[in-house]
Amino acid sequence: MVSGVNNSLKQPIITLKNASTGYGIAQALWEITLELYPREIVALIGSNGAGKTTVLRVLSGVLPLWSGEYKINGEDVKGYTPPDLVNKGICHVPEGRQLFYGLSVEENLRMGAFALKKSRAEINERLEWIYNFFPEIAKRRNQLAGTLSGGEQQMVAIGRGLMGDPSILLIDELSLGLAPVIVDRIYETLQKIHREREITIMIVEQDMELALSVASRGYVLENGRISISGNSRDLINNEAIREAYLGV
Ligand SMILES: Nc1ncnc2c1ncn2[C@@H]1O[C@H](COP(=O)(O)OP(=O)(O)OP(=O)(O)O)[C@@H](O)[C@H]1O
Ligand SMILES: [Mg+2]
């Protein structure tokens, strides 16, 4: 076992095994095998078009598998719809944030609890919990989402995802288009939330150094295949990876 991460005794919360899929007849993923263990933060890294978003679409049920296995806590969930998987605890914060720009911050956050059977009191309690982590958006709860800065929009997108109290949070390109100081701030908050809640997080990033500084383990995708995986320290010190992704 590599140092730092010992998952051998635990059951994975998510298992993808030999998972292949694509769009129309164009294959995008080839026999992907990955596991997420409870309470891990795992990075999925790769360059443009490698298939990172496609993996998240598979995990959230938007894109069906052509072949292979998908299990949550050992249960076969292949073919489950996105709402089925939300009920299994999966939450996908999509690339590009995709807020309702004509609605307020608070209305956007409330959308995250839409379709979940939660009482008004529970929803209000969760709202305050999220505002406590992201005071920047608490101040702007009545402001239209479309008028927020990029960083504030990302906070709303993550907050909306957390409204449903997911056990597995999948976040696509959190850092895209944001200043490093804002990215650090959001990742710090995410780590705080992770310490407080039983939550497993998969982060998708093109920036390998950033992703591996947050995650304990990582998978590298290349042309729809996982080329290498391991714990973050080993990956960051891997010479082939340093050459390919860090240019050093
Ligand atoms: N809706 C779609 N229809 C057809 N092909 C698609 C679609 N979405 C993605 N693809 C193709 O699937 C492959 C993987 O794309 P994907 O979006 O998963 O990559 P990515 O790693 O998330 O890239 P990026 O870093 O640019 O977001 C690419 O070749 C892409 O062109
Ligand atoms: Mg993508």
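In listed order, ligands and their atoms are each counted from 1. Just so we're clear, the structure is a prediction, and the values are computed from it rather than from any experiment.
Per-atom contact check: atom 31 (O) of ligand 1 does not touch the protein, criterion being a heavy-atom distance below 4.0 Å.
Note that CG of Leu29 is 10.5 Å distant from CZ of Arg57, once rounded to the nearest 0.5 Å. Annotation: the span from Gln153 atom CD to Leu99 atom CG amounts to 5.5 Å, rounded to 0.5 Å. Between Tyr80 atom OH and Leu85 atom CG the span is 8.0 Å, to the nearest 0.5 Å. Atoms OG1 and CG, from Thr33 and Leu16 in turn, are 8.0 Å apart once rounded to the nearest 0.5 Å. Summarising the geometry, atom CD1 belonging to Ile14 is positioned 3.5 Å from atom CD1 belonging to Ile90; distances are rounded to the nearest 0.5 Å.
Taking any N or O of Gly46, backbone or side chain, none lies under 3.5 Å from an N or O belonging to ligand 1. Distances between N or O atoms of Ala28 and those of ligand 1 include no value under 3.5 Å.
Taking every heavy atom of Ser47 and a limit of under 4.0 angstrom, the matching atoms of ligand 1 come to 21 (O). Near Gln206, meaning under 4.0 Å from one of its heavy atoms, ligand 1 places the atoms 25 (O). Listed by number with element, the atoms of ligand 1 under 4.0 angstrom from any heavy atom of Thr54 are 14 (C), 15 (O), 16 (P), 18 (O). Here is the list of ligand 1 atoms found below 4.0 Å of a heavy atom in Glu173: 25 (O), 27 (O). Ligand-side atoms of ligand 1 in range of Arg57: 8 (N), range being under 4.0 angstrom from any heavy atom.
Remark: minimum distance from atom 27 (O) of ligand 1 to any protein heavy atom is reached at Glu95 OE2, 2.7 Å. For atom 12 (O) of ligand 1, the closest non-hydrogen atom on the protein side is Tyr23 CE1, 3.4 Å. Protein heavy atom at the shortest distance from atom 17 (O) of ligand 1 is Thr53 CB, 3.7 Å. In terms of protein heavy atoms, atom 26 (O) of ligand 1 is closest to Asn48 ND2, 2.7 Å. Ranking protein heavy atoms by distance to atom 19 (O) of ligand 1, first place goes to Gly51 N, 3.3 Å. At the top of the distance list for atom 29 (O) of ligand 1, counting protein heavy atoms only, stands Gly49 O, 4.0 Å. The protein non-hydrogen atom at the shortest distance from atom 25 (O) of ligand 1 is Lys52 NZ, 2.7 Å.
Under 3.5 Å, the side chains of Ser175 and Glu205 contain a donor-acceptor pair of N or O atoms. A donor-acceptor contact closer than 3.5 angstrom links the side chains of Asn124 and Arg110.
No salt bridge links Glu152 with Arg185; every basic N to acidic carboxylate O contact stays at or beyond 4.0 Å.
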Going through the checks in order, is the salt bridge (Lys or Arg N to Asp or Glu O under 4.0 Å) test met by Lys52 and Glu95?
-> CA-CA 10 Å; Lys52 305 179 296 299; Glu95 196 175 15; over 6 Å; no
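Screening Lys139, Arg126, Glu106 for a side chain to side chain donor-acceptor pair (under 3.5 Å) with Tyr131, the sole residue that qualifies is Glu106.
In summary, an N, O or S atom of Thr53 is located under 2.8 Å from the Mg ion (ligand 2).
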